[in-house]
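A short worksheet on the structure shown next.
These numbers were taken from a predicted model, which means no experiment stands behind them.
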Amino acid sequence: MENLVYIALFAPLVGSIFAAFYGMSPKNIITGIVTSALLFVSFVASAILLNHVMTVGPIHVRMMDWIMAGDMLIPFGFIVDQVSVTMMTMVTLISTIIHIYSNGYMEHDKGFNRFFSYLSLFVFSMLILVMSDNFLGLFIGWEGVGVCSWLLIGFWYHKPDVTRDINPSISPSWAANEAFIMNRIADLGMLVGIFLIYWNLGTLQYDEVFASVGPLENDLVFWIGITLFIGAMGKSAQFPLHTWLADAMEGPTPVSALIHAATMVTAGVYLVIRANPIYDLIPDVGYLIAVVGTFVAIFAASMALVNRDLKRIIAYSTLSQLGYMFAAAGLGAYWVALFHLVAHAFFKSLLFLGAGNVMHAMNDQLDIFKMGGLKKVMRWTYLYMGVASLTLAGIWPLAGFFSKDTILEVAFNEHTYGIWFILWITAGLTAFYSFRQVFLTFHGTQRYDDADAHPHEVQKYVLIALIPLATLAVIFGGFMDTFKTFTTTLLPAYEMSEHTHHIAWMLIAVTSAIAISGIIFAYLRYGKGLKRNEKLENSLPYRVLSNQYYIPILYDKVFSKPYASLSKFSWQVVDQRIVDATVDGIGGIIKSTGDNTRRMQTGNLSDYLKWMAAGALLLVAIAFLAFKLTQGAN
């Protein structure tokens with residue numbers, strides 16, 4: 001089984017290195033085939049490991065001693081347990097499908113080979129993150145996915161800033177830098193948490209940390225939990241470190257699917273779930289996490305209500321669903337958070353890849369106000385996105401119904417009725433904006449004559465590759481009891497109270513009612529085509545939502561521009577007038593001295609004798625002065 005662990009982990013890395021050899025060469029379809037095949041190998045190995053963990057138990061592999069300095073000994077090891085193997089199987093399955101999809105999506109891109117190298121490296125970094133048996137190994141994977149996200153979001157770095165009707169003027173390079181820098185801010189908090197753990201416990205191994213953290217002072221555990229959560233906020237784009245997530249849509253659509261479904265943004269939720277023994281000791285921090293998650297859920301959903309960018313609407317839905325996951329984890333229902341994470345991965349990747357099909361058909365058009373009527377020519381994509389949207393809305397019996405409804409039951413069970421109510425309202429908003437985009441994209445009359453588009457369905461093998469995602473989005477909810485039994489052998493077995501159990505059907509009915517109402521309202525408003533209301537679109541609330549509550553503008557004026565001004569001042573005053581002037585001055589003095597002393601070299605013997613005599617006299621004077629000073633000291 002140890003060999004299977006290494007196969008599951010390193011197969012994507014082998015694929016990345018293979019594709020890198022062709023990175024600067026013209027497109028070679030072999031790179032896409034090989035990397036996809038190696039991802040499938042990793043998935044098969046992960047599936048076998050999943051069965052082993054279910055039937056036998058976890059596997060702990062110590063690959064080598066990694067850091068040895070004094071008393072510090074940190075091994076490079078991996079743990080395949082109920083949580084990590086669940087993540088491994090989900091990550092490799094979705095990544096395999098995205099790799100296959102990318103063979104079609106990127107077929108005309110000149111960076112085809114380089115793209116697959118980055119994409120496989122992204123998956124490898126995520127596997128390092130989830131498989132590591134200690135916090136420092138997790139941090140290596142954590143930074144790895146950060147670097148790969150920068151490479152992939154900015155993949156089309158040659159594209160300049162583009163001003164659109166529906167988006168601010170940004171470029172892929174700018175979006176990549178924003179994501180990278182914002183995550184570095186959060187990662188500093190996570191590093192502080194890791195330092196606190198090692199300084200007080202002398203170890204970073206999960207099992208040793210969780211066994212020893214109990215006796216620590218509550219204030220210390222509080223700060224460990226807070227700093228780790230700050231790191232999670234960056235990776236999972238929680239407020240106020242959320243703006244990078246929507247801007248990351250400037251990257252290729254398969255990258256968006258991978259970031260939002262299987263890697264990057266799920267890392268923050270995974271960290272909180274993995275560190276559950278720490279958060280169980282600090283329920284106040286857990287409640288704070290739940291509150292932040294709940295706020296982000298409705299905050300992101302409200303922005304999706306008015307957005308016209310197909311990919312950004314889906315991005316905001318990811319942000320909102322991450323809020324649900326954090327709400328569940330913060331309230332102590334870790335297995336429920338993990339279940340929603342996995343279910344969300346299936347239907348969210350399906351949504352993004354469906355959006356990629358639409359972009360492919362519409363010459364990269366993203367404005368849903370300029371689409372319409374695509375159902376006639378893109379029936380399979382319409383079916384896929386319809387199923388994914390129903391799942392996202394939480395309609396029975398699809399996977400999203402079971403995971404989202406259980407989170408709402410948890411909030412009710414914990415008597416956090418404010419959290420329950422906000423998440424309940426968010427469920428209605430989610431259903432509305434999900435089907436708003438479906439109806440405006442696929443229903444009504446076509447509005448794309450000016451786009452010079454000739455919509456058509458994508459390649460058949462791409463459509464076939466999406467079948468597993470659609471199937472799992474439909475049936476995965478039926479495995480909830482099995483999932484609970486499996487994961488709660490490691491995670492706390494959260495149970496509903498007797499009271500909540502008795503009124504569960506009432507809670508389900510109320511949640512389903514608001515979700516169905518959201519779909520009906522979307523149909524009445526947009527089911528037969530676009531109906532614009534200029535008065536509404538010019539109203540203050542609409543403009544606030546469409547401008548993301550003006551937070552990007554606020555960040556630009558409060559942080560970016562003052563920092564740029566400070567940098568310019570430092571360059572002009574400190575760097576040029578002080579640092580450069582000092583260095584240049586020293587150089588100038590040396591140069592001037594050289595120019596002056598060079599005049600001694602006249603070639604005249606008499607002049608040389610004069611200088612020698614002067615030098616000898618100077619030496620005698622120095623020797624006499626030194627003698628006098630010595631005599632005076634005695």
Side-chain angles (χ1 to χ4, degrees), residues 166 233 236-249 260-261 265 269 290-328 330 337 340-341 343-344 347-348 351-352 355 368 385 388-395 400-401 403-405 407-408 411 418-440 510-523 525-526 536 541-552:
I166 52 174
M233 289 172 68
S236 294
Q238 296 297 282
F239 180 87
L241 304 174
H242 66 283
T243 55
W244 70 266
L245 191 64
D247 292 338
M249 297 303 97
H260 286 248
V265 298
V269 181
V291 169
V292 170
T294 302
F295 168 75
V296 170
I298 195 166
F299 172 72
S302 64
M303 291 187 286
L305 292 175
V306 302
N307 205 280
R308 293 164 51 181
D309 187 309
L310 180 62
K311 287 176 64 177
R312 285 184 176 238
I313 294 170
I314 303 173
Y316 287 131
S317 77
T318 299
L319 189 55
S320 182
Q321 297 308 303
L322 288 168
Y324 274 92
M325 297 173 207
F326 277 115
H340 190 52
L341 186 155
H344 172 264
F347 62 76
K348 184 52 56 71
L351 263 178
F352 264 115
I368 57 176
M385 293 193 71
S389 297
L390 285 169
T391 311
L392 174 60
I395 303 301
F401 165 82
S403 59
K404 189 183 293 185
D405 191 79
I407 293 174
L408 284 161
I419 289 177
W420 175 86
F421 180 75
I422 293 173
L423 293 179
W424 178 72
I425 293 294
T426 304
L429 300 181
T430 302
F432 173 78
Y433 70 68
S434 297
F435 279 87
R436 170 179 174 265
Q437 75 166 4
V438 170
F439 293 141
L440 287 177
V510 170
T511 305
S512 297
I514 196 169
I516 294 171
S517 298
I519 296 174
I520 293 173
F521 185 57
Y523 177 77
R525 185 75 178 84
Y526 300 108
L536 176 64
Y542 195 99
R543 285 187 283 112
V544 168
L545 295 178
S546 61
N547 285 284
Q548 306 174 60
Y549 291 91
Y550 295 101
I551 291 175

Sequence neighbours left out, what passes side chain to side chain contact (heavy atoms under 4.5 Å, CB included) with Thr294? Give chain and number order. Ala327, Ile419, Ile422, Leu423
Within 45 degrees of the axis of the six-membered ring of Phe352 and under 6.0 Å from its centre: does Lys311 put its NZ or CZ there? no
Only counting residues at least two apart or in another chain, list the ones meeting side chain to side chain donor-acceptor pair (under 3.5 Å) with Tyr523. none
Quick one: pull up CG in Asn307 and CD1 in Ile368 and give me the separation to the nearest 0.5 Å. 7.5 Å
Donor-acceptor side-chain pairing of Thr426 and Tyr324 below 3.5 angstrom: no
Does some side-chain heavy atom of Leu322 sit less than 4.5 Å from a side-chain heavy atom of Val296? no
Heavy atoms from other residues, nucleotides or ligands near CZ of Phe239 exceed 12 (cutoff 6.0 Å): yes
Using atom types as modelled and distance alone, determine if a side-chain donor or acceptor of Ser317 lies under 3.5 Å from a backbone N or O of Ile314. yes
Rounded at 0.5 Å granularity, tell me how far CZ in Arg308 sits from OG in Ser546. 9.5 Å
Which residues share a ring pair (Phe, Tyr, Trp, His ring centres under 6.0 Å) with Tyr316, sequence neighbours left out: none
Taking Asn547 for its side chain and Arg543 for its backbone only, find out whether a donor-acceptor pair lies under 3.5 Å. yes
So Ser302 and Tyr549, side chain to side chain contact (heavy atoms under 4.5 Å, CB included) or not? Walk me through it. CA-CA 10 Å; Ser302 64; Tyr549 291 91; 2.7 Å; yes
By side chain to side chain donor-acceptor pair (under 3.5 Å), His242 pairs with (sequence neighbours left out) none
Taken in chain and number order and not counting sequence neighbours, the residues that satisfy ring pair (Phe, Tyr, Trp, His ring centres under 6.0 Å) with Trp424 are Trp420, Phe421
Run the side chain to side chain donor-acceptor pair (under 3.5 Å) test against Thr243 and tell me which residues pass, sequence neighbours left out. Glu178
Atom pair CG/CZ of Leu440 and Arg525 - distance to nearest 0.5 Å: 9.0 Å
Listed partners of Phe326 passing ring pair (Phe, Tyr, Trp, His ring centres under 6.0 Å), at least two apart: Phe229
List the residues meeting side chain to side chain contact (heavy atoms under 4.5 Å, CB included) with Pro240, not counting sequence neighbours, and say none if there are none. Met233, Tyr555
Do the side chains of Lys404 and Thr430 get nearer than 4.5 Å, heavy atoms only? yes
Arg312 backbone acceptor or donor facing Asp309 side chain under 3.5 Å: yes
Where Tyr542 and Leu536 come nearest, the two heavy atoms and their spacing: CB-O, 3.1 Å
Can you sort out the partners of Ser389 under side chain to side chain contact (heavy atoms under 4.5 Å, CB included), two or more places apart, ordered by chain and number? Leu351, Ser434, Phe435, Gln437, Val438
Using 30° and 60° as the class limits, which term best fits the ring planes of Phe347 and His340: parallel, tilted or perpendicular? tilted
Just jot down the ring pair (Phe, Tyr, Trp, His ring centres under 6.0 Å) partners of Tyr526, sequence neighbours excluded, or say none. none
To the nearest 0.5 Å, how far apart are CD1 in Ile313 and OG1 in Thr318? 12.0 Å
Could you tell me the separation between the CG atom of Asp405 and the OG1 atom of Thr511, rounded to the nearest 0.5 Å? 5.0 Å
Please report the interatomic distance CD(Gln321) to OG(Ser403), rounded to the nearest 0.5 Å. 7.5 Å
Could I get the full list of side chain to side chain donor-acceptor pair (under 3.5 Å) partners for Tyr433, not counting sequence neighbours? none
For Ala431, side chain to side chain contact (heavy atoms under 4.5 Å, CB included) partners two or more places apart: Ala393, Ala515, Ile519
Decide yes or no for His260 and Leu245: does some side-chain heavy atom of the first lie under 4.5 Å from some side-chain heavy atom of the second? yes
